[in-house]
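Here is how names work: the chains are called A, B, and so on, in the same order as the sequence lines, proteins then strands, and each is numbered from 1.
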Number of protein chains: 2
Amino acid sequence: MFEPIERSISRFINLEKEEFDFFKTLLTKKNFQKKELILRSGQICRNVYFINSGCLRYFYLVDGEEKTAQFFFENSWYTDYESFLSGDPSENFVDVIEDTELLCLEKDSLYKLYSEIPKFERFGRMMAENAYLGIRHRTKTLTNLSAEERYVKLIKERPKIFERIPQYYIASYLNIQPQSLSRIRKKLVTKG
Amino acid sequence: MFEPIERSISRFINLEKEEFDFFKTLLTKKNFQKKELILRSGQICRNVYFINSGCLRYFYLVDGEEKTAQFFFENSWYTDYESFLSGDPSENFVDVIEDTELLCLEKDSLYKLYSEIPKFERFGRMMAENAYLGIRHRTKTLTNLSAEERYVKLIKERPKIFERIPQYYIASYLNIQPQSLSRIRKKLVTKG
DNA sequence: TTTTTTCATTCACCTAGGTTAATAAAGGTG
DNA sequence: CACCTTTATTAACCTAGGTGAATGAAAAAA
């Protein structure tokens, strides 16, 4: 149950056995079922999560329409950085696309780790840096490519998404309407 | 010359006098003139900069067209995170909009600080977190608002930009053509 | 000053993708 | 199985913003 998270952390820092054992005592396992809402707008996000299994969708509302910002799969980390860092209520939602098992680390615990074990401060820095690189990549995709190019790129870069996520969520992630995605797919099939 | 950077750092961590004195020894002052290119695509960015005075533009090319990702003014930090963190050649450019004085901190020096003074590791984490929040805010603006809404929002949030940056760079930052920005301005003037 | 270059504006035209509405599959559920 | 809800597709139409070309204004250079 803790191997995936240990492997994930060890890509950034090397923990002594005792350090990881201590870390484990701070984690709580949580299970959620498909369609559950893990986070809703207005709630304060006070935790960081590691996804042991399953799939989550991170989204927000613009004029009542859901805008999907990200999908999270097993072996990745997730938090609502805006709310987590500021302590303000979130403007986002997270729902469950496949039954999901999470390991939950509370903000207080994480900050304690930061203070007591400098290696974790480094881990936190690297996580934030990676989050930055990830969203920068996404921003460039969204602002510089046409809808069709974004679709083709997504197939290439994250084919797994197409096996596990309904098409209308993918459209939302590509920042287009489901009808537009259908149109694009048809066009690409027709011309090979 | 070091007061602004000291104030900037002290918003995140509290340094002892000796720590800041040591930090100062790692900084180099650099001056650039309007229109100079500080960073060009293909170069590796090996430094973090603090801007004492002046104004920089961070941009990249898409099909030969310049896309402005960000403007940096005095009292802010800047680096090309992608290149700095990966060590890969940058795909971006930075040019000088107003004569600029920078304080330069080399990657090796920063990493030394990270290792020797855990407070700096924390500072690095917080800088990365802030960079994340900043670009996330920008991404939401670019993907959810119309060109006109982005323009109005920019006037409200960063009026300084309009006093110091030519309009065609602002258009680029808003991810529209200069002609479109003219059209929008005309429309807004007409209807009050 | 005149000349040249750079930047801003305007207009006509075009297209990617949004919108609305209808239809068809595909999944659940009793 | 039949029934109902959720997804996906298609088509007709519309609009925001891109494109290209011309004009004007401002700044820089000579």
In whole angstrom, give the distance that lies between atom CG of A:Leu188 and atom P of D:dT9.
12 Å
Given atom CG of A:Asp63 and atom P of C:dG18, what is their separation to the nearest angstrom?
14 Å
Round to the nearest Å and state the distance from B:Gln179 atom CD to C:dT9 atom P.
11 Å
For the backbone of B:Lys34 and the side chain of B:Asp99, can you confirm whether one donor and one acceptor N or O come within less than 3.5 Å of each other?
yes
Measure the distance from CD on B:Glu148 to P on D:dG18 and round it to the nearest whole Å.
13 Å
Could you tell me the separation between the CZ atom of A:Arg185 and the C1' atom of C:dG17, rounded to a whole number of Å?
17 Å
Cation-pi check, B:Lys107 onto B:Phe84 ring (under 6.0 Å, within 45° of axis)
yes
Whole-Å distance between D:dT7 C1' and A:Glu66 CD?
14 Å
What's the OH-C1' distance between A:Tyr151 and C:dA16, to the nearest Å?
17 Å
Mapping B:Ser146 and B:Lys34 to their closest nucleotides on DNA chain D, which lands nearer the 5' end?
B:Ser146
Flag yes if more than 12 heavy atoms outside A:Lys160 fall under 6.0 Å of its NZ atom; otherwise flag no.
no
Distance in angstrom units between A:Arg183 CZ and D:dC14 C1', rounded:
11 Å
